[in-house]
K.L.:
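Here it is, the structure in full.
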Amino acid sequence: MPTNYIGKPINRVDGAAKVTGAARYAAEYKVPNLVYGFVLSSAIARGRIARIDASEALRLPGVLQIFTHENAPRLAQSDESYTDQIAPPGSPFRPLHDGVIKFSAQPIALVVADNLELARYASTLIRVDYESELHSTDLKDKREDAYVPKPRTLIPPVPEPRGDADKAYAKAAIQFEAEYVSPFEHHNPMEPFATTAVWEAGGRMTIYDKTQGVQNVQEYICRIFDLPKNDVRVVSPFVGGAFGSGLRPQYQVFLAVLAARELKRPVKVSLTRQQMFSFGHRPETLQRVALGAAPDGALEALMHTAISETSCFEDYSEPVVQWSGKLYRCDNTRLEHKVVQIDVNTPMDMRAPGAAWGLYALECAMDELAYKLEIDPVELRLKNYTETDLNENKPYSSKELRECYRQGAEKFGWARRNPKPRSIKDGDQLIGWGMATGIWETEQLMAGAKAVLTAEGKLDVSSATSDIGTGTYTIMTQIAAETLGLPLENVTFGLGDSTMPQSPVEGGSFTAATVGSAVKAVCDQLREKLFKLAQNVANSPLAGASFETVTFSDGRIQFNGDAARSVSIADAMRHGGIGRIEGEVTTGPDPKKQSQYSRKSHSAIFAEVKVDQDLGSIRVTRVVSAIAAGRILNPKTARSQVMGAIVWGIGMALEEETVMDQTFGRFINHNLGEYHVPVNADVHEIDVIFVEENDLIVNPLGIKGLGEIGIVGVAAAIANAVYHATGKRVRDLPITLDKLL
Amino acid sequence: MNNFSYTRVVDVAGAVNEMAKDGAAKFIAGGTNLIDLMKENVARPSRLIDITRLPLDKIEETADGGLRIGALVTNSDVAYNKQIEKRYPLLSQAILAGASPQLRNMATTGGNLMQRTRCYYFYDTATPCNKREPGTGCSAIDGFNRIHAILGISEHCIATHPSDMCVALAALEATVQVRGKNGDRAIPFAEFHRLPGDTPQIDTNLQADEIITSVELPAKGFAEHFSYLKIRDRASYAFALVSVAAALEMDGSRIKEARLALGGIAHKPWRDTEAEAMLNGKDYAVENTQKAAEAIVRGARGFRYNSFKIELTKRAVVRALRQAAEMEQKQYADKLHRKADQSR
């Protein structure tokens with residue numbers, strides 16, 4: 001039985017549970033005595049509640065309580081209490097705190113009743129009189145008010161200007177400048193946000209929540225409700241997609257806990273699809289890119305400025321422009337990012353936050369520049385290739401982007417491209433080819449892991465991380481099984497429980513590296529213990545061997561891989577009289593080693609579109625994405641993750657937009673019928689290439705992470721292909737067919 | 001969702017009787033639209049009369065050589081019915097262009113006729129809407145009206161009828177068979193749905209006591225030259241921005257009879273018999289179809305976000321007529337079928 005798992009296309013270990021329905025999600029916990037909460041959402045975008053009258057609703061038999069700002073218990077009063085690990089600077093939103101309305105669809109009441117339908121019906125009987133104030137929800141209207149936001153932790157600062165970009169631009173032989181506009185988008189994971197809060201005797205709480213960070217939710221709840229950590233357990237073993245929307249505690253967890261605590265019984269609160277448009281979103285963003293180049297294509301000036309929206313109470317910002325200073329060699333660079341406050345809920349990180357928009361603009365501008373220069377778009381990028389991150393002034397720990405361009409172009413057949421727009425036709429269909437580059441961070445944070453090995457050879461490893469569908473369960477099981485040389489089926493990985501060893505939220509593409517390193521380290525610790533036990537076995541064939549000379553495979557500890565000179569793990573434990581071995585470690589980055597380098601993943605994306613020359617309808621018929629992201633732990637789950645990201649990129653390019661009705665200050669297409677994401681019929685050929693990249697600087701396992709890189713640049717490649725097909729530049733996303741008529 | 005009572009009926013007379021008792025009752029069959037409307041508190045029926053057991057689930061020959069589709073035949077069963085596929089492929093194509101397989105498996109023929117607009121404002125009770133609450137105003141006229149109507153609009157409502165099936169039924173000149181307290185009557189398809197006028201809350205001319213029993217197709221099915229062209233923001237599960245049902249009877253290159261119905265641009269499936277007449281008796285020629293297309297949009301009015309529909313409608317009409325005349329998409333479909341047969 002081989003026990004060599006890392007790098008193998010292992011099936012998802014949680015796959016069977018998911019497809020058979022055995023996997024339970026936050027709203028699926030059946031607990032005795034459960035009651036149901038339904039959230040009433042504000043109809044206005046700004047103002048205050050003059051009067052809220054729930055008396056008629058309360059008279060319905062089966063309605064237990066209706067919580068509003070008027071009767072909600074007095075809770076923590078400082079902003080610090082409502083903050084969380086991911087919160088941007090500002091004053092976090094407090095549900096039911098007062099009668100002030102800060103955004104449309106703000107939760108203003110929670111109805112608790114014997115069943116969901118009744119709670120929902122009762123919510124329609126609550127009479128609310130608003131004192132409306134003039135709202136402002138139009139970023140373009142307020143762009144003059146833009147200011148530099150307070151910095152967010154975990155996000156690289158916008159670098160100081162290099163050289164004199166304005167002067168260099170003015171002098172450049174070839175100049176290109178344009179504005180790119182991108183809309184509001186919502187995460188729309190398949191599973192709506194939900195919490196089942198179980199109040200237990202003695203005031204303890206078990207909270208089944210949809211979240212990307214159980215301990216982030218635990219800390220948030222403990223601070224607000226002044227509860228000791230030991231009394232609050234947050235559980236979230238399965239998450240039906242999140243994409244960043246579960247990084248911060250959502251308001252339903254607050255409301256469910258509040259109601260459970262007041263009513264002293266379990267309360268479930270799930271949001272409707274419409275309410276899934278009432279929290280964070282990818283911010284509407286305006287970008288200006290100006291590129292100055294020498295006739296040979298060498299970049300002489302690069303200016304990239306962005307204005308995005310945030311709420312009136314938190315300074316949300318994301319790294320939109322930072323990438324432009326590091327992807328290409330350019331000595332004169334000016335990057336700026338400002339925000340504008342409008343009456344919406346605070347935006348939230350959404351797959352590749354910042355880079356998704358920033359690389360869209362930069363990579364479209366590079367394509368436009370290539371046309372001005374009459375240089376092939378790949379050529380232009382190679383001409384300006386850099387082995388140094390000029391923002392950080394450090395070499396890249398590894399960067400196989402050149403190889404991404406080469407392998408991607410070859411697979412796609414890029415060399416056959418006639419650059420002239422509208423030069424390829426098939427009947428009514430105009431065919432276009434476009435390409436773009438992607439880049440994302442490689443990070444490792446602190447995380448803990450615990451491992452328990454029994455004499456029967458069963459290994460349980462755990463960490464309070466999350467699996468939002470990415471494959472965390474599977475890759476952690478692989479790492480543990482490989483490290484201890486155990487059959488995969490003997491290894492169980494646990495996650496999504498706040499009682500487990502500390503882990504950060506799952507996000508930023510850092511989970512594989514962060515939690516993977518902890519899992520590796522705790523299993524290494526067990527290896528050492530087992531080795532000592534094996535040497536103590538009577539007449540041990542390993543007596544005198546050093547730890548470095550043994551391997552763990554097939555459940556045995558072997559000298560130089562020689563099965564004849566080996567001790568089984570079971571024997572080692574039995575002879576030592578030990579029923580179980582435990583270990584727990586916390587690992588973190590090696591700053592001394594890592595800080596000397598810039599650590600990034602890269603990609604090259606090639607796309608083919610077919611555009612109906614009369615009707616404007618666009619199909620993305622082919623995408624090739626070549627990705628350099630360090631060591632790939634599981635090519636199967638990795639490919640799935642990147643394919644999903646490419647599909648999302650198709651949506652970003654052509655379909656996705658949450659429309660703000662400016663009259664009401666309200667997102668108006670708030671359902672999955674009218675908020676378009678790609679359907680199967682929109683998705684055609686997708687090829688994913690993982691370019692080999694060995695990088696032991698990023699972390700001992702060489703993992704760079706894949707959560708975001710797959711989506712970065714996809715929209716630009718498609719937009720560039722649309723230009724090549726039609727000769728039309730559409731610089732505001734999504735590129736819907738009306739923009740091509 | 002309000003509290004409601006539930007009744008199940010087993011025959012059409014029972015359905016009519018039950019409906020007569022309660023003006024706020026609604027029939028329910030597939031429920032693919034009504035349940036959504038109830039959840040959003042847009043529809044608030046006092047009772048639901050379940051008609052799924054009525055014997056209206058057959059497709060039968062009519063005396064005059066057409067087909068009668070029972071009101072409870074599902075959209076899937078109509079689309080894949082051998083007779084429909086062979087004799088009325090336009091209808092089959094239109095149905096399959098709509099919704100998703102899951103929805104088509106539940107949705108019924110009668111229900112499809114009765115489905116309501118997908119105007120955002122109609123579904124959002126936080127905004128005024130004359131169709132939902134008469135007299136409150138139309139939020140779409142000055143709002144986000146990209147999916148709204150350009151023809152037959154009124155100052156009270158610019159919503160569109162969402163169905164694909166109904167566009168084909170309009171082109172085929174189906175009749176809607178209904179039964180009420182005063183017995184049976186037949187409503188020509190063109191008169192079934194209404195323009196909004198000053199009563200946008202009323203979508204159809206079906207009376208309060210009436211129930212749809214079937215939809216009858218006349219013998220003529222235009223199976224040789226037809227096209228259902230649907231233009232939308234994604235390849236499936238999206239309502240039409242513009243759709244065109246084109247049906248031609250041809251004699252060589254001469255068009256004997258043209259039928260054109262359009263979806264996505266008006267409060268009802270849009271027929272323009274004057275534009276059709278411009279094509280009748282003439283050879284198929286692109287210039288002629290362009291003139292007909294111009295005629296269709298002559299009275300059109302665009303709003304801030306949907307003006308593109310005027311040009312798109314013209315192009316769609318020209319394309320659909322070309323497809324119908326040349327039957328290129330039929331050849332394509334035949335090719336697909338052959339491929340599918342080979343792979344079996």
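This structure is a prediction, so every number in the text was calculated from the model and none was measured. The sequence lines fix the lettering, A, B, ..., with proteins before strands; numbering per chain opens at 1.
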K.L.:
Holding to salt bridge (charged side-chain N to carboxylate O under 4.0 Å, His left out), I want the full list of residues that pass it with B:Arg315, two or more places apart in sequence or in another chain.
P.N.:
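B:Glu311.
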K.L.:
Sort A:Leu672 into side chain, backbone, both or neither according to what part of it lies under 4.5 angstrom from a heavy atom of chain B.
P.N.:
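It is the backbone, since no side chain atom gets that close.
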K.L.:
Quick check: do A:Asn671 and B:Asp36 have side-chain heavy atoms less than 4.5 Å from each other?
P.N.:
no
K.L.:
With only heavy atoms counted, which part of B:Arg232 is less than 4.5 Å from chain A, the side chain, the backbone, both or neither?
P.N.:
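Contact with chain A is through the backbone of B:Arg232 alone.
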K.L.:
Under 4.5 Å, counting heavy-atom pairs only, tell me which of A:Ile44, A:Thr663, A:Thr124 racks up the most with chain B.
P.N.:
A:Thr124
K.L.:
Work out which heavy atom in A:Tyr121 is nearest to a heavy atom in B:Asn2; give both atom names and the distance.
P.N.:
CD1-CA, 3.2 Å
K.L.:
Using a cut-off of under 4.5 Å on heavy-atom pairs, state which of A:Val679, A:Asn669, A:Leu125 scores highest against chain B.
P.N.:
A:Val679
K.L.:
Answer yes or no: does atom NZ of B:Lys291 have more than 12 heavy-atom neighbours from other residues, nucleotides or ligands under 6.0 Å?
P.N.:
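Incorrect, the count does not exceed 12.
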K.L.:
Counting neighbours of NZ on B:Lys314 that are heavy atoms of other residues, nucleotides or ligands and sit closer than 6.0 Å, is the number greater than 12?
P.N.:
yes
K.L.:
Select one option (side chain, backbone, both, neither) describing which atoms of A:Ser617 are under 4.5 Å from chain B's heavy atoms.
P.N.:
neither
K.L.:
With a 6.0 Å cut-off (strictly less than), is the heavy-atom count around CG of A:Asp732, excluding the residue itself, greater than 12?
P.N.:
yes
K.L.:
At their closest point, which heavy atom of A:Gly673 faces which heavy atom of B:Arg234, and how far apart are they?
P.N.:
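Heavy atoms of A:Gly673 and B:Arg234 come nearest at O-NH2, 3.9 Å.
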K.L.:
Using heavy-atom distances under 4.5 Å, tell me whether B:Tyr123 contacts chain A through its side chain, its backbone, both, or neither.
P.N.:
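Nothing of B:Tyr123, per the 4.5 Å heavy-atom cut-off to chain A.
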K.L.:
With a 4.5 angstrom heavy-atom cut-off, is it the side chain or the backbone of B:Asp142 that approaches chain A, or both, or neither?
P.N.:
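The backbone, not the side chain.
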K.L.:
Is the shortest side-chain heavy-atom distance between B:Leu229 and A:Leu615 below 4.5 Å?
P.N.:
yes
K.L.:
Please report the interatomic distance OH(B:Tyr305) to CG(A:Asp738), rounded to the nearest 0.5 Å.
P.N.:
12.0 Å
K.L.:
Looking only at heavy atoms and a cut-off of under 4.5 Å, which of B:Val318, B:Leu241, B:Asp233 has the most pairs with chain A?
P.N.:
B:Asp233
K.L.:
Are there more than 12 heavy atoms of other residues, nucleotides or ligands under 6.0 Å from atom CZ of A:Arg273?
P.N.:
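It does: A:Arg273 CZ has more than 12 such atoms within range.
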K.L.:
Between A:Arg666 and chain B, with a heavy-atom cut-off of 4.5 Å, which part of the residue counts as in contact: side chain, backbone, both or neither?
P.N.:
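Just its side chain gets close to chain B.
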K.L.:
How far does CE of B:Met1 sit from CG of A:Leu116, to the nearest 0.5 angstrom?
P.N.:
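Result: 9.5 Å between the selected atoms.
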K.L.:
Would you give the length of the straight line joining atom CD of A:Gln274 to atom OG1 of B:Thr125, rounded to the nearest 0.5 angstrom?
P.N.:
10.0 Å
K.L.:
Once rounded to the nearest 0.5 Å, what's the spacing between atom CZ of B:Phe144 and atom CD1 of A:Ile668?
P.N.:
10.0 Å
K.L.:
Determine, stepwise, if the pair B:Arg319 / A:Asp612 fulfils side chain to side chain contact (heavy atoms under 4.5 Å, CB included).
P.N.:
CA-CA 11 Å; B:Arg319 176 68 63 84; A:Asp612 191 295; 2.7 Å; yes
K.L.:
Salt bridge (charged side-chain N to carboxylate O under 4.0 Å, His left out) between B:Arg322 and A:Asp428: does it pass, once the steps are laid out?
P.N.:
CA-CA 12 Å; B:Arg322 190 188 85 195; A:Asp428 296 316; 2.5 Å; yes
K.L.:
Evaluate whether atom CD of A:Glu133 has more than 12 neighbouring non-hydrogen atoms of other residues, nucleotides or ligands under 6.0 angstrom away.
P.N.:
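Yes - once you tally the heavy atoms of other residues, nucleotides and ligands closer than 6.0 Å, there are more than 12.
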K.L.:
Under 4.5 Å between any side-chain heavy atoms of A:His676 and B:Tyr237, yes or no?
P.N.:
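Contact flag for A:His676/B:Tyr237 side chains = no.
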K.L.:
Decide yes or no for A:Val659 and B:Arg146: does some side-chain heavy atom of the first lie under 4.5 Å from some side-chain heavy atom of the second?
P.N.:
no
K.L.:
Where the side chain of A:Arg120 meets the backbone of B:Lys39, is there a donor-acceptor pair that is under 3.5 Å apart?
P.N.:
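Checking the backbone N and O of B:Lys39 against the side chain of A:Arg120, a donor-acceptor pair under 3.5 Å is found.
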K.L.:
Is a side-chain donor-acceptor pair under 3.5 Å present for A:Asp661 with B:Tyr120?
P.N.:
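A:Asp661 and B:Tyr120 do not have a side-chain donor-acceptor pair below 3.5 Å.
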